[in-house]
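To start, the structure itself, in structure tokens.
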Amino acid sequence: MISGTATGAIYALAALGFTLLWQASGTINFAQGEFVMVPAFLMLAALSLGLPLWLAFVLACAGSAAILGLGFKRIVVDPLLRHGVIPLVIATLGLSIALKNLVKAGYSSQPLPFPGVFPDGLLSLGAVRVSVYDIGTLAVAAALVLLLQAFLTRTITGRAMQAVAQNTEAAAVLGIDVQRMVLYVFLANALLAAVAALLVTPAYLAKFDMGDAIGLKAFYAAIIGGFNQARGALLGGVLVGVLENLAGAYVSPAYKEAIALVLFLFVILVRPEGLLGRSEERKV
Amino acid sequence: MSRFPLMALAVALAALALVPLALKNYGIYLLSLWCVYVMAGMGLNLTVGYAGQMSIGHAAFVAIGAYTAAILMKAGVSFYLALPLCALNCFIVGVALGFPALRVQHHYLAFATLGFNVLVYLFVRNEEWLTGGTFGISGIQRPGFFGLSLDGSAAFFYFVYGSTILLAGALWGIVRSPWGRAFAALRDNPIRAESLGVNIVAYTLLAFAIGAGFAGVAGAYFAALVQFIEPGPFHLSASLMMLLMVIVGGPGRFFGPMLGAAIVILLPEWLRGLKDWYLVMFGLAVVALMTWLPGGLLSIPDRLRSSR
């Protein structure tokens, strides 16, 4: 249960970035999983130069923000937005293939070990024993989400970002620098992905296609929780993580993935706006 | 169609029929595989290009077709009987999946098909009693053709090639019919089409289900071509590749899937020395293509004409 929540928290981080991007620019990012994979390899590259983990992480954050935040927005999203959503979605698919194979061809096609941030070991809490790693992951993810939430609701910049997400035109009329806010969202997404990479890689090993599973789960989480709600992504992520773990333990390991999937299909068909989402008005 | 393009088409078809004479077995196999992907791609083009819906689960339908054919043929059913059953099976599943998903419009068909693909993949991998699990189904017999053996790679190529042309003819008929024109009207301006009395949901659903049926046919030929099926080729990434195939070639253009399939299936073999870098370049090329030519490669002539 706890380890499921911890896994779910990582999915939630990636899913949160997903929904933020969607709100700010209407982009469905099929390369979200690769956005987690790339910082993981940036960190590995820095580690192999002999840098300590914290420095590698800072560098990976900077690299991620520069390439996957700023670069992604300027080079891919901005020129494509005028063509509408579908070409953009296809472009992120292309990007996903390119990034994956770039790492495979240019770095390594083997799974590589990645140092853990927290020590191994078990902690006894009364009758249950939980791993330190899960607790640590959960704490970091929860702190990050609370921080983001506080930023979005308490600060002027955060509120402006939300205004842009809700109604771009009205925000522009009110004198908000829409482009700048959208850029912030992209940067936030890149940073969330970098943190997710730091937390998830020790368990999954660093591999060029590690993003496939993470991207897919983040996608389920975002839809289950509600595509246009940040809180929804959180709920969805945790739900997916917990269900997956419980199903793996009690139903059948072979169909571990299918449980989240069934919930996902059910949500799409019955409550397409997601568990916490609002239904969207059609923009004509 | 005026006379000149018709002749050009006939020449191109005949030229393609001569190519296997100059190739070894593996080359002929690749050409046959290309034909199979063209069949599937034509179906997907109907959904994506003509009806304007995103489908990210086309490989699942190919899988259903391939497994249906393999299981039936293993049970002693003839290929020619299994083939329409594959198409029908996929058509029905397409309706069952598309009906709830299309009610809500937007990108939900894309999401539902994506989930469906993963589910089908898990199913064929785990249900060993039916699908052989990861070991797959081997020893699938190739059909004969009026007493002729199709076991040779060239003979089978001509069989697939002929079938592809027939299927393309059928698609041509669908697209030219009042029905097919309604598909395009939907994609270009759904609100206007609706006001003209086109039932959006019914037509989109039909386009999607027919597309699925095409994938079922492609699956049956795939099973007969490879003679051994396992879950690998039906992974979600295969669906994404098929989608890119259609988009790169030119969605809503009749010859789009032919060109797209050639780029995805044949070109990598040619550029073998590049290995994984090919896919890096392909991915980046897709991004660039979407930026400058969202209509796909086949929109180049139009673009040149309009800029003149």
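Owing to the predicted nature of the structure, the values given are computational and were not obtained by experimental measurement. Per chain, numbering begins at 1; letters A, B, ... match sequence-line order.
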Subject >> Distance-minimising heavy-atom pair for A/A105 and B/W277 >> reply: CB-CE2, 3.6 Å
[options]: which one forms the most heavy-atom pairs within less than 4.5 Å of chain A?
| options | answer |
| --- | --- |
| B/V287, B/V286, B/N126 | B/N126 |
| B/M281, B/E127, B/M241, B/R125 | B/E127 |
| B/S237, B/A288, B/G115 | B/G115 |

Between [X] and chain A, with a heavy-atom cut-off of 4.5 Å, which part of the residue counts as in contact: side chain, backbone, both or neither?
| X | result |
| --- | --- |
| B/L244 | side chain |
| B/I247 | side chain |
| B/F123 | both |
| B/I56 | side chain |
| B/L289 | neither |

Original post:
Do A/N101 and B/Y278 have side-chain heavy atoms sitting under 4.5 Å apart?
Top reply: no
**OP:** Heavy-atom pairs under 4.5 Å with chain B are the metric here; pick the option from A/D212, A/L99, A/I97, A/I75 that has the most.
**Re:** A/I97
Subject >> Worked check of side chain to side chain contact (heavy atoms under 4.5 Å, CB included) between A/Y220 and B/V118 >> reply: CA-CA 12 Å; A/Y220 296 161; B/V118 180; 3.8 Å; yes
Subject >> B/L114 side, atom CG; A/F30 side, atom CZ - distance, nearest 0.5 Å >> reply: 6.0 Å
**OP:** Hey, could you give me the NZ/CG distance between A/K104 and B/L279, rounded to the nearest 0.5 Å?
**Re:** 7.5 Å
Subject >> Check against side chain to side chain contact (heavy atoms under 4.5 Å, CB included), B/L236 and A/L216 >> reply: CA-CA 10 Å; B/L236 179 62; A/L216 206 57; 3.8 Å; yes
**OP:** List the steps and the verdict of side chain to side chain contact (heavy atoms under 4.5 Å, CB included) for A/I90 and B/M54.
**Re:** CA-CA 10 Å; A/I90 301 296; B/M54 283 268 278; 4.3 Å; yes
Original post:
If you draw a 6.0 Å radius around CZ in A/F266, do more than 12 non-hydrogen atoms from other residues or ligands fall strictly inside?
Top reply: no
